[in-house]
> 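Below are the structure tokens for one structure; questions will follow.
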Amino acid sequence: MQPEQRQPRGKEKSKRYFTASEVAAFEYCPLAWWYEQYEPAAQADTEELFARMVELEHEHGPQATALPEYQLHERLLLRRGAFDTGQEQHREHAEALEDVYDEARALPFAGCSRRLTLVAIVLLISAIALIAAAVFLR
């Protein structure tokens, strides 16, 4: 009698079919194909990748850019064109902030000068009141 050949539970063979574009991608660069299939970062969205890069920068400081994980995230984002969009958004945000700062500078009582101006006005009013009192009391 032949012994039964059973596969362990939960490890049943499943056939995976590959598309023509996946085969072409594998032939072009097997390592890139492997990362696309099995690396969790390749399936992560752009915000998650940026967030992880920021975490790495906070954890490792300036040396973060030399880390393989950081470089992987950076290359994925470059391939997606995320930096172009990010730079455009950063530029728009910087322009909006500049407009806000210009408006704040245009106001007469902006920032620290507001307190100084108020003190000067109070002193001026006090001086005028004292001069007027001295003139009337003479």
> According to salt bridge (Lys or Arg N to Asp or Glu O under 4.0 Å), does anything in residues 59-70 pair up with another residue at least two apart or in another chain? List the pairs.
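For residues 59-70, and leaving out neighbouring residues, the salt bridge (Lys or Arg N to Asp or Glu O under 4.0 Å) pairs sorted by first residue read Arg52-Glu59, Arg52-Glu69.
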> Nearest 0.5 Å please: distance from the CG atom of Leu123 over to the CG atom of Leu118.
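The CG atom of Leu123 sits 11.0 Å away from the CG atom of Leu118.
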> Could I get the full list of side-chain contact (heavy atoms from CB on, under 4.5 Å) partners for Leu130, not counting sequence neighbours?
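Not a single residue meets the side-chain contact (heavy atoms from CB on, under 4.5 Å) criterion with Leu130.
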> Not counting sequence neighbours, list each pair that qualifies as a salt bridge (Lys or Arg N to Asp or Glu O under 4.0 Å) and has a residue in residues 122-137.
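Sorted result for residues 122-137: empty, none.
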> Tell me every residue that passes side-chain hydrogen bond (donor to acceptor under 3.5 Å, both in side chains) with Ser126, counting only those two or more places apart in sequence or in another chain.
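Counting only residues at least two positions away or on another chain, Ser126 forms no side-chain hydrogen bond (donor to acceptor under 3.5 Å, both in side chains).
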> Which ILVMFWY residues can you reach from Leu124 by hopping between side chains whose heavy atoms are under 4.5 Å apart?
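Result for Leu124 is Ile128.
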> Say you draw a straight line from CG of Leu72 to CG of Leu67; how long is it, rounded to the nearest 0.5 Å?
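That separation rounds to 11.5 Å.
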> Members other than Tyr28 in its cluster, when Ile, Leu, Val, Met, Phe, Trp, Tyr link by side-chain heavy atoms under 4.5 Å?
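Noted: Tyr28 shares its cluster with no other residue.
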> Which residues satisfy the side-chain hydrogen bond (donor to acceptor under 3.5 Å, both in side chains) test with Gln71, sequence neighbours excluded?
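Scan of Gln71 (side-chain hydrogen bond (donor to acceptor under 3.5 Å, both in side chains), adjacent residues dropped) gives none.
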> Can you list the residues that meet the side-chain contact (heavy atoms from CB on, under 4.5 Å) rule with Phe18, with sequence neighbours excluded?
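Expected list: Arg16, Glu22, Val23, Trp33.
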> Quick one: CG on Leu78 to CZ on Arg75, what's the gap to the nearest 0.5 Å?
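Between Leu78 CG and Arg75 CZ, I get 9.0 Å after rounding to 0.5 Å.
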> Can you measure from CD (Glu95) to CG (Asp99) and round to the nearest 0.5 angstrom?
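If we round to the nearest 0.5 Å, Glu95:CD and Asp99:CG are 7.5 Å apart.
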> Answer whether the closest heavy-atom distance between the side chains of Glu74 and Leu49 falls below 4.5 Å.
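A side-chain contact under 4.5 Å is absent here.
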> Report the C-alpha distance between Thr65 and His60 in whole Å, list the side-chain angles of each, state the deciding distance to 0.1 Å, and finish with yes or no for side-chain contact (heavy atoms from CB on, under 4.5 Å).
CA-CA 9 Å; Thr65 56; His60 300 282; over 6 Å; no
> Please round to the nearest 0.5 Å and tell me the distance separating atom NE2 of His73 and atom OH of Tyr70.
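It comes to 10.0 Å.
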> Got a sec, which residues hit side-chain hydrogen bond (donor to acceptor under 3.5 Å, both in side chains) with Gln63, two or more places apart in sequence or on another chain?
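For Gln63, no residue satisfies side-chain hydrogen bond (donor to acceptor under 3.5 Å, both in side chains) once neighbours in sequence are set aside.
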> Test of understanding: with salt bridge (charged side-chain N to carboxylate O under 4.0 Å, His left out), list the residues that count as partners of Glu48, not counting sequence neighbours.
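Scan of Glu48 (salt bridge (charged side-chain N to carboxylate O under 4.0 Å, His left out), adjacent residues dropped) gives none.
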